[in-house]
Amino acid sequence: MATRTRFAPSPTGPLHIGGLRTALFCFLHARNNRGDFILRIEDTDQKRFVPGAEEYILESLSWCGITPDEGPSFGGDFGPYRQSERSALYKPYVEQLLRDGHAYYAFDTSDELTTWRRSMQKQGNASPKYSASTRAYLKNSLSLSAQEVEERIQRGDDYVVRFKTPMAGEVRFYDEIRGWIVFQCHELDDKVLMKSDGLPTYHLANVVDDHLMEITDVIRGEEWLPSTPLHVQLYEALGWTMPNFAHLPLILKPDGKGKLSKRDGDRLGFPVFPIDWYNPKDSKELIAGGYKERGFEAPAIVNFLALLGWNPGNNQEIFSLEDLIETFSLERVNKSGAKFDYQKACWFNSEYLNHYTSQEKVSTILELFPIAKGRSENDLEFVFNLASERIQFKHEIKDTIAYLFEKPGILEDKGVKKAWKTEKVAHLEDCMQRIQIANTEFSAPGLETMIKQYIEEKSISFGQLLPPLRLSLTGTLKGPSIFDIMSFLGLPECLERVELAKKNYTSKTI
RNA sequence: GGCCCCUUCGUCUAUCGGCUAGGACGCCAGGUUUUCAUCCUGGAAAGAGGGGUUCGAUUCCCCUAGGGGCUACCA
């Protein structure tokens, strides 16, 4: 049977980075097996629905190149792919479970149950369960007379349908990542399958949909492990074949306690969302920043996320999405949670920046410096390379080498104090004149030779000549090779800048 | 509290009984460089503890400890 995986987020807010990784792993597993990856929107909780969240999920996946084969706005033979549009579908299965004695009606209101739980807690029961041992004391079709049940339903009383967990026995299932897992039935509770609004809960909906959509592998976060025995029992009760289960380790906070949550972004100073998230009620209010807008390359994020919990078994660290599809396997997914390491994410980003193709380099520079239009592609790539080895993010290029395209204006104070000395400036002038007169090829190696000759002749050091030269050309004392910079600027521009610096700063010369 | 999952350098991880425990990020030192950065070389840094099984355990089993998840008419 062809592999089919699904990512089933609920549109209750922006997708966070852990969810994105889950989607990635689902996608990789499907593609690795030449199967299909399905996106399904689990919007059965009307109270928590957030407008714009679905679009956000779509955009995030698209940014990362995780393209669903089926899903809302992607089509497919197993739709609709929003659970809210499937609500009528679940009824027959609820009835089947009711008829076969696997489920029952329960009439307790939320308030009643809260009260009941509180009183049980007072008696020392830390987590009272609606279960085989307590259901007889609650209001349901198992404890009430058939007549009363009938009356209540006729009358229109609110009710939910609960799963009837067996009193004894055990539920076991095989997890692709963790191996066999066993739960005792008496530890389980009678989970709600259908809410009083007539919509299914996640538990029922995901089982029914996974079956109907012929999902072969259920890959989801570890937080679902405790409710998997319910799902397993549901498959059995409905007489369906079980999918494979794989529960992914969680992504943890870098500073210790607990899983990375949506709130952590502000506190820790790095994004926990793929892209910017704006207030659904006010599209101008940015609520949480994203990796994309922070300047991250999508392939870097994908690469980083893939290695958080998975590894190829060798020392390879750089993987394109295609590489990952090729190499990924659930067998090599780790069991334990992984702390999020923002620094490493930054490192991946700089790696990707340095592996840009020539074409990407050219268009990046063009985009950052419209004024560069007309320059040769070689020149533009050259500029990119000068900048890229001293930065981690694309947008940092601009500040780093803006002087290649415009005169520096003011020279940094510290540099002036340090390098702009009478004697040095005299040498600078002298040397520039020499270069001008020589009129040889204005290339980096040529310039280097010429300047070397000059300092040897004058018995001075690079340190006496180059800093003032750099300062006058770039306005700062740090940066790429000054010979590279000069060759890019060209002789006339170099002369002008030196002249300008002399004019503006000579008075400050000591 | 109960149930379930997990446990190798600070962090991400390799090791599927033979280990002088490997790699990466970060950190430190040295080299290259007019400078910053890159780059190169080197370094510090780990098997939670206790029992077993075994000729031999980081690797298998048990206990303890620690971490995490779940414990809703939310997903």
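- Taking atom CG of A:Asn303 as the reference point, atom C1' of B:A24 lies 12 Å away to the nearest angstrom.
- Classification of A:Arg152 and A:Asp157 as a salt-bridged pair holds, one side-chain N sitting under 4.0 Å from a carboxylate O.
- Closest approach to the A:Thr201 side chain among B:G68, B:C74, B:C5 is made by B:C74 (side chain taken as heavy atoms from C-beta onward).
- Annotation: B:C60 and B:G18 have their P atoms spaced 12 Å apart (nearest Å).
- As rounded to whole Å, 12 Å separates atom P of B:C5 from atom CD of A:Glu187.
- Taking atom CG of residue A:Leu188 and atom P of nucleotide B:C3, one finds them 13 Å apart after rounding to whole Å.
- Less than 6.0 angstrom separates the ring centroid of A:Phe270 from the ring centroid of A:Phe340.
- Within 4.0 Å (heavy atoms only), A:Leu477 reaches at least one base atom of the nucleic acid.
- Note on A:Lys195: a side-chain N or O is less than 4.0 Å away from OP1 or OP2 of B:A75.
- Residue A:Val192 is in sugar-phosphate contact alone, with no base atom involved, counting any heavy-atom pair closer than 4.0 Å across all strands shown.
- For the pair A:Pro254 and A:Phe107, nearest-nucleotide mapping onto RNA chain B gives the more 5' position to A:Pro254.
- Taking 4.0 angstrom as the limit, A:Arg117 places a side-chain polar atom (N or O) nearer than this to OP1 or OP2 of B:C73.
- Using a 4.0 Å cut-off, some side-chain N or O of A:Lys259 falls inside it from OP1 or OP2 of B:C70.
- For B:A14, one of the phosphate oxygens OP1 or OP2 lies less than 4.0 angstrom from a side-chain nitrogen or oxygen of A:Asn334.
- Comparing atom distances between the A:Glu42 side chain and each of B:A37, B:C73, B:A75 picks out B:A75 as nearest.
- Residue contacts for A:Phe183: at a heavy-atom cut-off of 4.0 Å it reaches the sugar-phosphate backbone alone, with no base atom in range.
- At least one donor-acceptor pair closer than 3.5 Å links the side chain of A:Thr22 to the backbone N or O of A:Gly18.
- Note that A:Arg172 lies outside the cation-pi zone of A:Tyr174, set by a 6.0 Å cut-off to the ring centre and a 45° limit from the axis.
- Side-chain atoms of A:Lys478 stay outside donor-acceptor range of the base of B:A37, with no qualifying N/O pair under 3.5 Å.
- An OP1 or OP2 oxygen of B:A24 is reached within less than 4.0 angstrom by no side-chain nitrogen or oxygen of A:Asn315.
- In this structure, A:Leu199 atom CG and B:A72 atom C1' are separated by 16 Å, rounded to whole Å.
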